Amino acid sequence: MKKRVLLIVNPSSGGEKARSYEDLAREKLETIFDEVIVKHTEKSGDATAFARGAAEENYHSVFVMGGDGTVNEGINGLAELENRPNFGFFPLGTVNDLARALGMPLDPEKAINQLDIAKTKPLDIGKINDHYFMNVVAIGTLPEAINNVESEEKTKWGKLAYFISGLKEVMTTHFYDFQLMIDGEELAIKSSTLVIGLTNSIGGFENMLPHAKVDDGMLHLIYLKDSSLVDTLKAVPELVTGVSDASQNVGYLTFKEAKITLADSKAELSTNVDGDEGASLPISVKVLPSHVTVYA
Ligand SMILES: Nc1ncnc2c1ncn2[C@@H]1O[C@H](COP(=O)(O)OP(=O)(O)OP(=O)(O)O)[C@@H](O)[C@H]1O
């Protein structure tokens with residue numbers, strides 16, 4: 001049977017060189033597959049629809065070229081289906097957490113040249129309510145601030161925009177009473193921010209969760225044990241250098257499945273999922289172990 005591949009390109013990622021990267025990627029895929037179809041996204045949701053369509057038409061593989069947002073969308077198109085094509089991507093964003101976690105080159109040209117379809121890895125996928133994620137769900141003060149960063153600022157300032165908005169938010173920090181049911185056990189946490197990661201690289205910080213492997217079948221929860229601004233600030237160096245165990249300032253747990261609600265059922269709090277605004281609490285999260293086969 002003919003081996004078909006779909007290459008989904010987000011033309012708004014990758015700056016001036018995007019067009020030449022697309023040509024390179026197409027040429028590379030043409031050396032491997034019998035038929036290469038290229039589709040350009042125009043708006044949010046396109047990459048998910050394209051990926052799902054390719055899976056339903058029994059494509060061998062789906063590749064995505066774009067930032068983590070487009071990678072997330074591609075995975076969302078595949079994850080729900082029984083018959084999932086292999087997944088590949090060429091990183092063109094500013095953060096590229098999945099590429100960092102998989103040890104792929106962050107330079108798109110190198111990533112394209114290095115592609116070897118004999119080299120695949122199993123990849124855990126996370127599920128939050130009815131959506132899928134491959135990197136992180138963050139809940140609380142910092143992610144609320146990130147959700148509020150204008151996309152114009154993001155494009156202009158990259159990681160710095162997040163950092164500045166996060167810093168502003170930490171100065172007016174707010175604490176939430178979270179109620180969790182984690183792998184069947186109840187847990188109450190008072191914290192400004194919970195971070196549930198699938199991989200070591202979160203928000204471009206490659207070592208935030210040094211024990212999180214792309215196929216360990218676990219979700220990794222870290223939370224700031226903060227009851228004051230001073231405690232929050234004390235936790236920052238640990239987040240930057242990496243959290244491998246619970247400490248005085250940061251809690252750390254691994255789990256497979258959780259339900260997270262706020263004690264105050266009238267309060268509202270949204271999540272940030274793989275860098276974009278996600279579902280509001282209450283949420284259910286779980287890991288789908290080795291759910292997607294990825295080229296890396
Ligand atoms: N043709 C397009 N023009 C403008 N925006 C688009 C287009 N196609 C998709 N998008 C938007 O781009 C978003 C995804 O962007 P993505 O995160 O992949 O790239 P990025 O912003 O360059 O990466 P990063 O966030 O890492 O900097 C999608 O959610 C969608 O809304």
Side-chain angles (χ1 to χ4, degrees), residues 1-15 17-81 83-125 132-135 199 201 214-215 274-275 290-296:
M1 207 166 67
K2 260 185 155 185
K3 245 202 245 174
R4 285 185 300 170
V5 62
L6 175 66
L7 171 62
I8 301 169
V9 179
N10 179 349
S12 73
S13 299
K17 291 181 90 177
R19 183 74 225 186
S20 67
Y21 293 141
E22 179 186 328
D23 291 341
L24 271 183
R26 181 203 299 260
E27 284 160 22
K28 176 75 182 187
L29 293 174
E30 279 170 354
T31 66
I32 302 168
F33 294 91
D34 301 313
E35 192 180 354
V36 181
I37 308 290
V38 180
K39 288 192 176 178
H40 285 186
T41 59
E42 289 177 359
K43 57 186 184 311
S44 167
D46 283 355
T48 299
F50 295 160
R52 185 181 300 126
E56 285 166 357
E57 289 181 34
N58 291 319
Y59 275 57
H60 178 279
S61 299
V62 169
F63 278 77
V64 159
M65 198 164 194
D68 285 332
T70 313
V71 172
N72 170 292
E73 280 203 24
I75 296 226
N76 266 278
L78 304 181
E80 189 71 24
L81 304 171
N83 169 31
R84 297 183 289 280
N86 287 353
F87 183 76
F89 66 101
F90 304 119
L92 288 193
T94 47
V95 178
N96 302 314
D97 272 321
L98 187 57
R100 289 172 195 272
L102 288 163
M104 282 170 60
L106 299 178
D107 171 10
E109 203 167 326
K110 277 198 193 136
I112 294 165
N113 288 334
Q114 261 191 32
L115 171 69
D116 174 355
I117 64 156
K119 288 197 181 142
T120 60
K121 287 184 183 163
L123 180 68
D124 294 344
I125 300 296
Y132 298 89
F133 62 99
M134 72 296 166
N135 188 232
T199 73
S201 183
V214 293
D215 62 346
D274 287 348
S290 300
H291 194 66
V292 167
T293 300
V294 62
Y295 296 112

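What you see is a predicted model, and the numbers here were worked out from it, not measured in a lab. This chain uses plain numbering: 1 for the first residue, then up along the sequence.
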Under a 4.5 Å cut-off applied to non-hydrogen side-chain atoms, are R4 and I37 in contact?
-> no

Is a side-chain N or O of R100 found less than 3.5 angstrom from the main chain of V95, in a donor-acceptor match?
-> yes

Taken to the nearest 0.5 Å, the spacing of M104 CE from Y295 OH works out to 12.5 Å

Would you say the side-chain atoms of R84 pair up with the backbone N or O of H291, donor to acceptor, closer than 3.5 Å?
-> yes

Using only heavy-atom distances, determine whether the side chains of S201 and N135 contain a donor-acceptor pair under 3.5 Å.
-> no

Spatial distance of atom CG (D124) from atom CZ (F133) [nearest 0.5 Å] | 10.0 Å

Please walk me through it: do K3 and I117 pass side-chain contact (heavy atoms from CB on, under 4.5 Å)?
-> CA-CA 12 Å; K3 245 202 245 174; I117 64 156; 3.8 Å; yes

How many angstroms lie between CG in L92 and CG in L106, if you round to the nearest 0.5 Å?
-> 11.5 Å

Closest contact, heavy atoms only, T199 versus V214 | CG2-CG1, 3.9 Å

Would you name the heavy atoms of V62 and A51 that are closest together and state the gap between them?
-> CG1-CB, 4.2 Å

Are the side chain of D46 and the backbone N or O of H40 linked by a donor-acceptor pair below 3.5 Å?
-> no

For R52 and A49, indicate whether the former's side chain and the latter's backbone hold a donor-acceptor pair under 3.5 Å.
-> no

Of all the heavy-atom pairs spanning P11 and V9, show the shortest one and how long it is.
-> CD-O, 3.2 Å

From CZ (F87) to CD1 (I75), nearest 0.5 Å | 4.5 Å

Measure across Y59 and P85 and return the closest heavy-atom pair with its distance rounded to 0.1 Å.
-> O-CB, 3.4 Å

Stepwise, does the side-chain contact (heavy atoms from CB on, under 4.5 Å) test hold for E109 with L24?
-> CA-CA 8 Å; E109 203 167 326; L24 271 183; 3.5 Å; yes

Could you verify whether a donor N or O on one side chain and an acceptor N or O on the other, from N72 and D68, lie under 3.5 Å apart?
-> no

For the student: nearest non-hydrogen atoms of A25 and F90, plus distance = CB-CE1, 3.7 Å

Side chain of D215, backbone of L123: donor and acceptor closer than 3.5 Å?
-> no

Using 30° and 60° as the class limits, which term best fits the ring planes of F63 and F33: parallel, tilted or perpendicular?
-> perpendicular

Return yes if some donor-acceptor pair links the side-chain N/O of K121 with the main-chain N/O of L102 below 3.5 Å, else return no.
-> yes

Report the distance from atom CG of N58 to atom CG of N83, rounding to the nearest 0.5 Å.
-> 5.0 Å

Step by step, work out the side-chain contact (heavy atoms from CB on, under 4.5 Å) result for E73 and N76.
-> CA-CA 5 Å; E73 280 203 24; N76 266 278; 5.5 Å; no

Cut-off 3.5 Å, side chains only: do N86 and S61 have a donor facing an acceptor?
-> no

Do N113 side-chain atoms and K110 backbone N/O form a donor-acceptor pair below 3.5 Å?
-> no

Specify the closest pair of heavy atoms between G14 and Y21, including all atoms of both residues, with the distance to one decimal.
-> O-CE1, 4.3 Å

Pair I32-L115, side-chain contact (heavy atoms from CB on, under 4.5 Å): steps then yes or no | CA-CA 10 Å; I32 302 168; L115 171 69; 3.8 Å; yes

Do I112 and M65 come close enough that some side-chain heavy atom pair is under 4.5 Å?
-> yes

Would you give the length of the straight line joining atom CD of E27 to atom CG of L29, rounded to the nearest 0.5 angstrom?
-> 10.5 Å

